[in-house]
Amino acid sequence: MCHAQYSNHQLYEAYLTRDMRIWQQYIVSTHWDSLKVEEKKQLVNYEYGFTAYILGQDQEEARKHISLFEQHLNALKHQLPQAQYCAYLSSVYTYKLGLDKKHLMKYASGIFDNIKRAMDLDDEDPLVLSMQGNVEFYSPFGSKKKALEYYLKADSIYHQMPNTAELWNVRAVQMTIVQCLAKMNREEDAKQQCMQFLEEEPDCVIFQNLLSELTNP
């Protein structure tokens, strides 16, 4: 169980179907002070994912979630592996930049400094690798080729780990692999990869939509 009535299975299924209202309900209804450390770590991971989603939907709502995510992350600074803490902090700066381009240099420095620190600490952590991939993929100075390498390595490591069957981060990495291939004008490879991921998770609406877009551009 994640907390109260929200199970990992329910939250995972919500991600597959892109019903992110379930995530929002879970996040806002969870009482931080009542959670055990592992539950807090789990909540922060969902906050990381949900904040990225809501940033593209509602900026005022995103502002609240960025603040909450940052607050909870800082509270876990000494409980999280430091590589993960730095990677999450890099994403905080990414989200802040999404709201406020006027402070580009300040936030960009926070993004790059923290993801570099995270990679220096542990370049075998799939969460860290996926975030490094995001920096390469979305930065105007980044490399789609390098991003793909990081995403593929993250996906490979996730598949070697136990207890990742219902971990949303795995599908998020796979989604970005397909998107990265498409951006590199490797549409056929993107289709093949998408079909492979659909074999792993046939009910994933994300992959179904991606395949449809690639097949019918």
Side-chain angles (χ1 to χ4, degrees), residues 8 11-12 14-16 18 20 23 38 41-53 55-56 69 73 76 80-95 110-139 141-184 186 189-201 204-207 209-211 214:
N8 279 321
L11 292 166
Y12 178 69
Y15 182 78
L16 295 183
R18 302 304 284 166
M20 300 303 279
W23 281 32
E38 289 305 311
K41 291 179 182 179
Q42 191 164 248
L43 177 61
V44 161
N45 186 44
Y46 281 104
E47 287 179 325
Y48 155 65
F50 181 76
T51 303
Y53 164 78
L55 189 60
F69 174 39
L73 176 62
L76 282 179
L80 283 167
Q82 283 304 288
Q84 289 188 11
Y85 170 78
C86 291
Y88 278 131
L89 189 56
S90 176
S91 73
V92 169
Y93 284 110
T94 300
Y95 299 152
I111 294 167
F112 288 103
D113 289 351
N114 280 288
I115 198 60
K116 181 181 185 304
R117 172 75 172 147
M119 287 290 289
D120 288 344
L121 286 165
D122 188 354
D123 62 0
E124 294 292 318
D125 185 309
L127 182 70
V128 172
L129 286 163
S130 66
M131 293 196 197
Q132 174 68 74
N134 289 343
V135 171
E136 291 288 348
F137 185 75
Y138 292 105
S139 169
F141 310 107
S143 162
K144 299 294 190 293
K145 181 180 179 182
K146 287 182 180 178
L148 182 61
E149 291 172 1
Y150 290 125
Y151 291 144
L152 288 170
K153 185 175 181 181
D155 185 52
S156 175
I157 292 173
Y158 273 133
H159 278 74
Q160 297 169 33
M161 294 170 62
N163 305 319
T164 59
E166 294 190 332
L167 184 64
W168 72 268
N169 306 79
V170 176
R171 304 308 166 198
V173 165
Q174 293 176 338
M175 175 182 69
T176 50
I177 288 172
V178 175
Q179 291 173 330
C180 199
L181 286 167
K183 285 290 186 181
M184 295 169 69
R186 294 172 56 183
D189 290 336
K191 289 179 192 177
Q192 291 299 318
Q193 195 71 81
C194 200
M195 287 188 285
Q196 179 182 321
F197 294 149
L198 274 168
E199 289 179 9
E200 291 182 23
E201 195 55 84
C204 183
V205 171
I206 298 169
F207 298 147
N209 290 342
L210 280 172
L211 187 58
L214 289 164

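As the structure is a computational prediction, the values presented were derived from the model and not from experiment. Along the sequence shown, residues carry numbers from 1.
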Taking salt bridge (Lys or Arg N to Asp or Glu O under 4.0 Å) as the definition, give me every residue that meets it alongside Lys41, ordered by chain and number, with sequence neighbours left out.
Glu38
Sequence neighbours excluded, which residues qualify as salt bridge (Lys or Arg N to Asp or Glu O under 4.0 Å) partners of Glu124?
Lys153
Can you check whether Tyr48's main-chain N or O pairs, donor with acceptor, with Thr51's side chain at less than 3.5 Å?
no
Got Ser91 and Phe69 here, is their nearest side-chain heavy-atom distance under 4.5 Å?
yes
Val205 vs Leu16, side chain to side chain contact (heavy atoms under 4.5 Å, CB included): CA-CA, chis, key distance, verdict
CA-CA 6 Å; Val205 171; Leu16 295 183; over 6 Å; no
So that I know where these two stand, are Phe50 and Trp23 an aromatic pair - ring centroids less than 6.0 Å apart?
no
Neighbour count above 12 (heavy atom, 6.0 Å) for Tyr93 OH
no
Could you go step by step and tell me if Tyr150 and Met119 meet the side chain to side chain contact (heavy atoms under 4.5 Å, CB included) rule?
CA-CA 11 Å; Tyr150 290 125; Met119 287 290 289; 3.7 Å; yes
Could you tell me whether Lys144 sits above the aromatic face of Phe137, with NZ or CZ closer than 6.0 angstrom to the six-membered ring centre and within 45 degrees of the axis?
yes
Can you see whether Asn45 engages Tyr88 through a side-chain donor-acceptor pair at a distance of less than 3.5 angstrom?
yes
Can you check whether Tyr158's main-chain N or O pairs, donor with acceptor, with Thr164's side chain at less than 3.5 Å?
yes
Give, for atom CG of Leu210 and atom CG of Leu181, the distance between the pair rounded to the nearest 0.5 Å.
11.0 Å
How would you list, by chain and number, every residue that makes a side-chain hydrogen bond (donor to acceptor under 3.5 Å, both in side chains) with Asn209, sequence neighbours excluded?
none
Throw together a table of side-chain donor-acceptor distances under 3.5 angstrom for residues 170-178, partners on residues two or more places apart or in other chains.
residue : atom : partner : partner atom : Å
Arg171  : NE   : Tyr12   : OH           : 2.9
Arg171  : NH1  : Gln174  : OE1          : 2.8
Arg171  : NH1  : Glu200  : OE1          : 2.9
Gln174  : NE2  : Asp155  : OD1          : 3.2
Gln174  : NE2  : Glu200  : OE1          : 3.0
Thr176  : OG1  : Ala172  : O            : 3.2
Thr176  : OG1  : Val173  : O            : 2.7

Using side-chain hydrogen bond (donor to acceptor under 3.5 Å, both in side chains) as the criterion, list what pairs up with Lys116, not counting sequence neighbours.
Asp120
Excluding sequence neighbours, so at least two apart, what forms side-chain hydrogen bond (donor to acceptor under 3.5 Å, both in side chains) with Asp123?
none
Find out whether Phe207 and Met195 are in side-chain contact, i.e. whether some heavy atom of one side chain is under 4.5 Å from a heavy atom of the other.
no
Side-chain donor/acceptor of Glu136 to backbone N/O of Lys146, under 3.5 Å:
no
Is there a side-chain contact between Gln84 and Pro81, using heavy atoms and a 4.5 Å cut-off?
yes
Donor-acceptor contact present, side-chain Ser90 to main-chain Cys86, <3.5 Å:
no
Asn8 side chain near Gln42 side chain, heavy-atom distance below 4.5 Å
yes
Answer whether the closest heavy-atom distance between the side chains of Asn134 and Tyr151 falls below 4.5 Å.
yes
